[in-house]
Amino acid sequence: MTDPGSRFLPYGRHQIDEDDIAAVVSVLRSDSLTGGPLVAEFEQAFAERVGARFAVACANGTAGLHLAAMALGLGPDDAAIVPTLTFLATANAARYVGAEVVFADVDPATGLMRPEDLQDAHAKAVNRKIRAVIPVHLNGQCVDMEAVAGFAGRNGLRIIEDACHAIGATYRTRSGDEVRVGACRHSDMTVFSLHPVKTIAMGEGGVVTTNDPDLHAALLRLRNHGMVREASRFVQRDEAFDADGQPNPWYYEMPEPGYNYRASEIHCALGLSQLRKLDRFLARRRELANLYDRMLAPLTPLLRPIPRIAGCASGWHLYVVQMDFPSAKTTRATLMRRLLGKGIGTQVHYLPVHRQPYYRSRYGNALLPGADAYYASCLSLPLFPAMSNGEVERVVAALADELAQAE
Ligand SMILES: *Cc1c(COP(=O)(O)O)cnc(C)c1O
């Protein structure tokens, strides 16, 4: 029974306004479609927004994670700890540079890696040279970065935050400071995605932030084929300089191969325009999440919103509930199909990555019960800034209806 007057509600959706369109069109009419001034302008605005010294725009969040792994110099002798409850790209970034992945468990309630999960993963992987950890701010809520940084400091680990879900999120330290995700207060680098399903859109796009000038230089170089253009860094003097000691105007060097992971002017124009709306989008996402929380309360204990982390202002990439499907006498697949029939899109974030065929065949069947429990009961409901309060009511009514029918 789809109400003909009601539109389909995806679990997430971008919001593009006329000024975003105008920003992109003006690039199309300009002299540079890529490699122009908007890349740096976008990077500067992004760095300022999250409170980092540097931001590097790139092709997508996955490229950002790969660049970060390369910038740390991770390689085949190394391993990185990755929470298993994440998108594929977090773990794959380690594999791209040949490093092994050590999967950490997560809190079954929030899906976030806890300090004890990090400690367990580290203790279990005695025969590996663990050099990094990639905490994931799942759904937009923040990992206890202060604890992660403490552990990493004691054990010589570098830290890359995967904040693809958490643009605009903040967390509170034990001394009461509010820290913006991306400021890298407790990490080496933070990686964001601007895929349209995330909070702000570039089409495809990503950003890596850092406060470290050397990492910044490495990210810029690796994003652009590994090319070096500063004469002071040339090592092949006879190739680089003419008889007068002037650098040859065409010359560049490549100390190690990088990639073409650049973001174009077109993408950065959209990113810059969308960044100006971030606060508005976040406020609306928070309102909708609060409304869901209130409206879903009568459906407990069969269905519960994910508990909120104290001191964290979520980026609200996703609105996730946990459902006791067996007690509700249904399955997740059945419920999802029935909701789809009512024009309501839902999704599951995520099958724990250690259960993917590739990682199973590489590392065997890991025992990560927190992640398995989270996965078994999670369901992402529609959440996007253009959603109306009435549409939240529609989703909640459909859920209530399904639960009542399944009894
Ligand atoms: C989306 C996402 C990525 C990858 O970002 P893309 O821009 O799609 O490449 C990485 N990690 C997490 C947790 C994500 O949700």
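For this chain, numbers begin at 1 and follow the sequence in order. Keep in mind that what you see is a predicted model, and the values were worked out from it rather than measured. Order of appearance sets the numbers: ligands from 1, and atoms from 1 within every ligand.
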Any N or O of [X] closer than 3.5 Å to N or O of ligand 1:
| X | answer |
| --- | --- |
| Asp162 | yes |
| Glu204 | no |
| Leu65 | no |

| request: Select one of side chain, backbone, both or neither to describe which atoms of Thr90 lie under 4.0 Å from any atom of ligand 1, heavy atoms only. | output: side chain
| query | If you measure from each non-hydrogen atom of Thr86 to ligand 1, which part falls under 4.0 Å: side chain, backbone, both or neither? | reply | side chain
| query | Cys142 and His137: which non-hydrogen atoms are nearest, and at how many Å? | reply | CA-ND1, 3.4 Å
| query | Strictly under 4.0 Å, does any heavy atom of Tyr350 approach an atom of ligand 1? | reply | yes
| query | Has His317 got any heavy atom lying under 4.0 angstrom from an atom of ligand 1? | reply | no
Which residue supplies the protein heavy atom nearest to [atom], what is that atom called, and how far is it?
| atom | result |
| --- | --- |
| atom 4 (C) of ligand 1 | Thr62 OG1, 3.4 Å |
| atom 15 (O) of ligand 1 | His165 NE2, 2.8 Å |
| atom 8 (O) of ligand 1 | Ser193 OG, 4.0 Å |
| atom 10 (C) of ligand 1 | Cys164 SG, 3.4 Å |

| said: Aromatic contact between His349 and Phe87, with the criterion being ring centroids under 6.0 Å apart: yes or no? | reply: no
| message | Under a 3.5 Å cutoff, is there a donor and acceptor pairing between the side chains of Arg285 and Tyr319? | response | no
| Is it the case that Tyr261 and His225 place a side-chain donor and acceptor less than 3.5 Å from each other? | no
| message | Suppose I only count heavy atoms of Asn60 and a 4.0 Å limit; which atoms of ligand 1 are within that range? | response | 7 (O), 9 (O)
| note | One finds that the ligand 1 atoms under 4.0 Å from a non-hydrogen atom of Gly61 are 5 (O), 6 (P), 7 (O), 9 (O)
| Pair Asp20 + Arg276, salt bridge at N-O below 4.0 Å | no
| Salt-bridge present (Arg128, Asp78; N to O < 4.0 Å) | no
| message | Check the orientation of Phe46 and Phe42. Use parallel for under 30°, tilted for 30 to 60°, and perpendicular for over 60°. | response | perpendicular
| task | Using the six-membered ring wherever Trp is involved, compare the ring planes of Phe103 and Tyr359 and label them parallel, tilted or perpendicular (cut-offs 30° and 60°). | result | perpendicular
| Heavy-atom nearest neighbour of atom 1 (C) of ligand 1 within options Lys198, His195, His137, His66 | Lys198
| task | Determine, stepwise, if the pair Thr190 / Asp162 fulfils side chain to side chain contact (heavy atoms under 4.5 Å, CB included). | result | CA-CA 6 Å; Thr190 304; Asp162 182 339; over 6 Å; no
